[in-house]
Amino acid sequence: MSEPSVRVSGTVLASLMFQHVNSDSDVEGLVLGESSFHEQVTISDSQSDHIHIEEIYNLQKHVACHRLHTLYSSSGEVNLDVLHQMLADNKQDSVIGWYRQRRHSEQHMTFREKLVHEKMKSALKNPHMIFLLLTSSRVTPTDSTHRIEYSAFTSRSRRFMNIPVLVTNLGLLEQQGYWKVSAPCSASGYSLTMKKHGSRFFCSSGLVKEVDEMNKMNDSLQAELQKVCREVEVSERAVEALQAEVSALRRSLREKQHSSAREAAGTAIPAPPKNNQLLLEAVRALLGSSPLFLTQTLNPQAFPVPHKHLFPAHSDSEPDQGPLVLDSCGKKQRETLQGRGRKRRRNNC
């Protein structure tokens with residue numbers, strides 16, 4: 001039973017990720033490289049020979065489609081014209097699979113991807129094709145950092161299996177990788193040159209001086225950065241406390257304003273009338289109870305005629321007598337009218 005695996009360089013993988021991050025939609029295309037089979041036979045006296053076959057796919061290049069779903073139709077049929085146009089100068093035998101890049105999805109092949117993979121194997125007449133799937137998701141809201149996961153699949157008897165992916169030149173770099181040590185050399189000229197100029201570039205331990213200085217500067221920068229971060233944190237805490245205090249003061253001020261407004265509305269004194277009471281009383285005394293101003297009947301000369309029911313009961317015998325008025329002005333007016341009536345009667349006699 002063979003155990004397939006995929007080996008890809010960090011440069012190719014980085015170019016795939018860079019293309020995916022800088023595109024507006026999903027990306028798909030062909031994967032070029034070569035595949036090899038290594039057979040390992042284990043011989044022992046206690047058991048029969050064990051044959052181990054290792055199938056290795058080396059990814060060397062990728063060719064992207066200009067648009068999605070141009071390499072195959074909706075039913076999964078591969079478009080050979082587009083395939084040959086994408087390959088251009090590359091040979092068809094160098095195609096070892098195809099890839100697809102999706103966003104915010106799981107590391108699983110869809111039904112269409114499985115169907116296209118089988119059609120691709122038939123079109124290229126290569127039963128050992130792989131499918132490389134890359135899925136990305138953003139880590140920060142500003143899209144400044146992304147996380148990309150990758151996996152490879154192959155089919156055996158129409159059963160898809162996940163195969164491991166090994167990045168050949170991807171590893172952790174330690175600080176020792178940047179330390180430069182003088183290479184051993186037995187030439188006399190090299191020794192003289194190193195003695196003459198070595199003190200300017202190398203420490204007594206054999207390390208490059210610049211590296212040590214850079215490490216010291218890095219440590220001081222980290223210390224200053226931590227100090228500034230602590231100061232910023234303290235200031236942010238103080239600002240939060242002040243904002244909370246200001247919010248509480250504003251809330252209490254609004255409550256006091258509402259309470260004072262309610263109290264003022266409950267104990268409000270009605271405003272004094274703006275009318276002139278003395279003038280109003282005088283007008284009522286002179287004109288308010290006059291029968292000439294209370295009638296709507298006019299004589300032929302267009303003068304108002306008072307109604308009989310407007311006169312007091314005791315004034316039937318004296319029609320010329322004015323109405324009774326309670327205030328002092330009315331009393332003087334009535335006395336004046338009565339005096340005129342007596343004079344008229346005396347003259348008639």
Side-chain angles (χ1 to χ4, degrees), residues 1-23 26-42 50-65 71 83 86-103 105-109 113-114 116-117 120-121 124 126-139 145-156 159-181 183 208 211:
M1 182 66 180
S2 62
E3 294 182 1
S5 62
V6 178
R7 294 183 181 180
V8 59
S9 64
T11 306
V12 176
L13 187 61
S15 64
L16 283 169
M17 295 178 179
F18 181 79
Q19 179 190 10
H20 182 40
V21 170
N22 288 273
S23 61
D26 297 344
V27 184
E28 59 186 6
L30 301 175
V31 175
L32 309 181
E34 59 182 8
S35 59
S36 59
F37 296 87
H38 300 277
E39 182 178 351
Q40 183 179 2
V41 181
T42 304
H50 178 71
I51 301 175
H52 177 73
I53 301 176
E54 186 178 5
E55 185 178 355
I56 300 175
Y57 297 91
N58 293 312
L59 272 66
Q60 301 173 355
K61 188 178 179 181
H62 67 92
V63 181
C65 297
L71 186 58
L83 180 62
M86 289 177 58
L87 292 176
D89 298 335
N90 300 302
K91 297 181 180 180
Q92 183 175 338
D93 298 337
S94 61
V95 180
I96 61 174
W98 67 296
Y99 72 94
R100 185 177 175 85
Q101 298 172 344
R102 300 197 302 255
R103 284 182 171 85
S105 59
E106 298 180 355
Q107 288 283 315
H108 297 293
M109 292 184 66
E113 291 171 351
K114 293 179 180 180
V116 171
H117 187 78
M120 192 84 68
K121 288 167 58 177
L124 296 176
N126 184 4
H128 305 285
M129 290 190 65
I130 63 171
F131 172 70
L132 184 64
L133 177 62
L134 295 95
T135 57
S136 65
S137 60
R138 63 180 184 179
V139 179
T145 306
H146 292 261
R147 179 179 58 209
I148 298 182
E149 298 179 358
Y150 52 89
S151 59
F153 299 89
T154 186
S155 61
R156 294 290 184 269
R159 294 185 59 183
F160 287 86
M161 55 184 296
N162 193 348
I163 57 179
V165 179
L166 176 64
V167 182
T168 55
N169 57 348
L170 182 62
L172 297 177
L173 291 178
E174 300 179 357
Q175 291 184 352
Q176 288 80 3
Y178 296 98
W179 293 354
K180 303 298 182 182
V181 184
V208 179
V211 174

### Summary
Heavy-atom nearest pair, V12 first then Q60, reads CG2-O, 3.6 Å
### Query
What heavy-atom pair brings H108 and R102 nearest, and what distance separates the two atoms?
O-NH2, 2.9 Å
### Task
Please report the shortest heavy-atom distance between R100 and D26, naming the atom on each side.
NH2-OD2, 3.9 Å
### Query
Taking all non-hydrogen atoms of both residues, which atom of P127 and which atom of K121 are closest, and how far apart?
O-CE, 3.4 Å
### Query
What heavy-atom pair brings S136 and I148 nearest, and what distance separates the two atoms?
CB-CG1, 3.7 Å
### Message
For a quick test of reading the model, state the closest non-hydrogen atom pair linking P164 to P4 and the distance between them.
### Response
CD-O, 3.6 Å
### Query
Of all residues at least two apart in sequence or in a different chain, which pass the side chain to side chain contact (heavy atoms under 4.5 Å, CB included) check with Q107?
L133, T135, E149, S151
### Separation of I96 CD1 from T154 OG1 (nearest 0.5 Å)
10.5 Å
### Message
Walk me through whether K61 and S94 qualify under side chain to side chain donor-acceptor pair (under 3.5 Å).
### Response
CA-CA 10 Å; K61 188 178 179 181; S94 61; over 6 Å; no
### Query
L59 pairs by side chain to side chain contact (heavy atoms under 4.5 Å, CB included) with which of L13, L132, L32?
L132
#### Entry: Test log, rule side-chain contact (heavy atoms from CB on, under 4.5 Å), inputs V116 and W98
CA-CA 10 Å; V116 171; W98 67 296; 3.9 Å; yes
### Query
Below 6.0 angstrom between ring centroids: does that apply to F160 and H117?
yes
### Task
Verify whether one side chain among R7 and S5 offers a donor that lies under 3.5 Å from an acceptor in the other.
no
### Message
Let's go through M86 and C65 carefully: what are the C-alpha distance in whole Å and the side-chain angles of both, what is the deciding distance for side-chain contact (heavy atoms from CB on, under 4.5 Å) to 0.1 Å, and is it a yes or a no?
### Response
CA-CA 7 Å; M86 289 177 58; C65 297; 3.5 Å; yes
